[in-house]
Amino acid sequence: MMTQPLDTIALSDVIGAEIRDIDLAHIDDATFTAIHDVWIRFQVLRFRNQKLTDAKLVAFSRRFGELDIAPPNENGTRDVEGFPEILVISNVVEDGVEIGSLGSGEAAWHTDMSYIPTPPIGSVLYAWEVPRRGGSTGFLNMYRVLETMPDSLRRKIEGRYIKHDATTNSAGYLRAGTENSDDVRTSPGTAHPIIITHPETGRDTLYLGRRHRAYVVDMDVDASEALLGELWSHTNQKEFTWHQEWSVGDLVMWDNRCTMHRRDAFDSKDRRIMHRTQIKGCALIADDRKSKTRRSTASL
Ligand code: OGA
Ligand code: MN
């Protein structure tokens, strides 16, 4: 069987590509390999006009690797009967119960689940219903952030680790089973190298996770806050970002190792329903030129 070359266009000059005229419910292995290559290169992929059942969404996602079982939602229950891999992101309330996570508010820049030792390598978000306005999802190119970082700042983070806080999720909700703690040095979480090497591209990238309650290991809290402040203000620049404006049937997936994402708020009276999967990860690799001395502190 002949495999057609992919019809690919860049979505911006910083991040993201759209692959057009493709039905993700029916792709062969060669097409998958080509899609995977574009994903690694552009970090974020968009496919429009998809018609995917939950089974097809799971099957497509699973080609990228084993899937995580979705974390329990804010009600402590599963979202989709029969598909434990699917997490619903939604503000919709049915019979007084929220059918998904994250509500309708803004979600600040983050990497998914950086607070665990093996964060997912990527996430797949598929739009079932979208609000009339707002609710866009922004993506940030973390390779570019590191490449453009002043040397003076880069020198301050080489070999260092950030502890990623596990107490709240990306919408600021307290995660099930955690207690609120104000001490960034002792709150639960996982330390990862600040500069990591992407295992598939071999390129160094910046790994920040979330700003909230982050802590640069082995520093005074004030010095850690100051360094994080510098890092986040360099990172949070429009020139590193592109925003996805959703239509029903859009599927967007990101490489969680070299991107961050955020979401704009939208009118809580509008409905937004996304079905989402997450591809299992492994431990992050430190940029190995400078990190040797600090590895001992990595398992905080
Ligand atoms: C996510 C996420 C944002 C959005 O699914 O991990 O952060 O736009 N979603 O729904
Ligand atoms: Mn997220």
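Predicted model, so just to flag it, every value in this text is computed and none were measured. Remember, it's 1-based here, ligands and their atoms both numbered in the order they're listed. FYI, side chains are in, hydrogens and waters are out, and symmetry mates aren't considered; it's all heavy atoms of this structure.
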Query raised in the report: Are Arg203 and Tyr143 in a cation-pi contact, defined as NZ or CZ under 6.0 Å from the six-membered ring centre and within 45° of the axis?
Result: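 That pair qualifies as a cation-pi contact.
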Requested in this report: Please examine the side chains of Met260 and Phe139, heavy atoms only from C-beta on, and report whether any two atoms are closer than 4.5 Å.
Outcome: no
Only heavy atoms of [X], strictly under 4.0 Å: list the atoms of ligand 1 that pass.
X      : value
Asp112 : 6 (O)
Thr137 : 4 (C), 8 (O)
His261 : 1 (C), 2 (C), 6 (O), 7 (O)
Leu125 : 4 (C), 5 (O), 9 (N), 10 (O)

Query raised in the report: What N/O/S atom of Asp112 gets nearest to the Mn ion (ligand 2)?
Result: OD1
Query - Heteroatom of His261 nearest to the Mn ion (ligand 2) (N, O or S, atom name) - result: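 Atom name returned: NE2.
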Please confirm whether [X] approaches ligand 1 to less than 4.0 Å, judged on its heavy atoms.
X      : result
Met274 : no
Arg272 : yes
His110 : yes
Trp254 : yes

Query raised in the report: Does any donor atom in the side chain of Arg262 or His243 lie under 3.5 Å from an acceptor atom in the other side chain?
Result: yes
Report task. Just say parallel, tilted or perpendicular for the rings of Phe64 and Trp39, cut-offs at 30° and 60°. Result -> perpendicular
Requested in this report: Consider only side-chain heavy atoms of I, L, V, M, F, W and Y, link residues closer than 4.5 Å, and tell whether Ile196 and Ile279 are in one cluster.
Outcome: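 No.
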**Report entry** Joint cluster assignment, Ile86 & Met253, ILVMFWY side-chain distance < 4.5 Å
**Finding:**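 Yes, Ile86 and Met253 fall within the same hydrophobic cluster.
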Query raised in the report: Hey, do the aromatic rings of His261 and Trp109 have their centres closer than 6.0 Å?
Result: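 Between His261 and Trp109, the centre distance exceeds or equals 6.0 Å.
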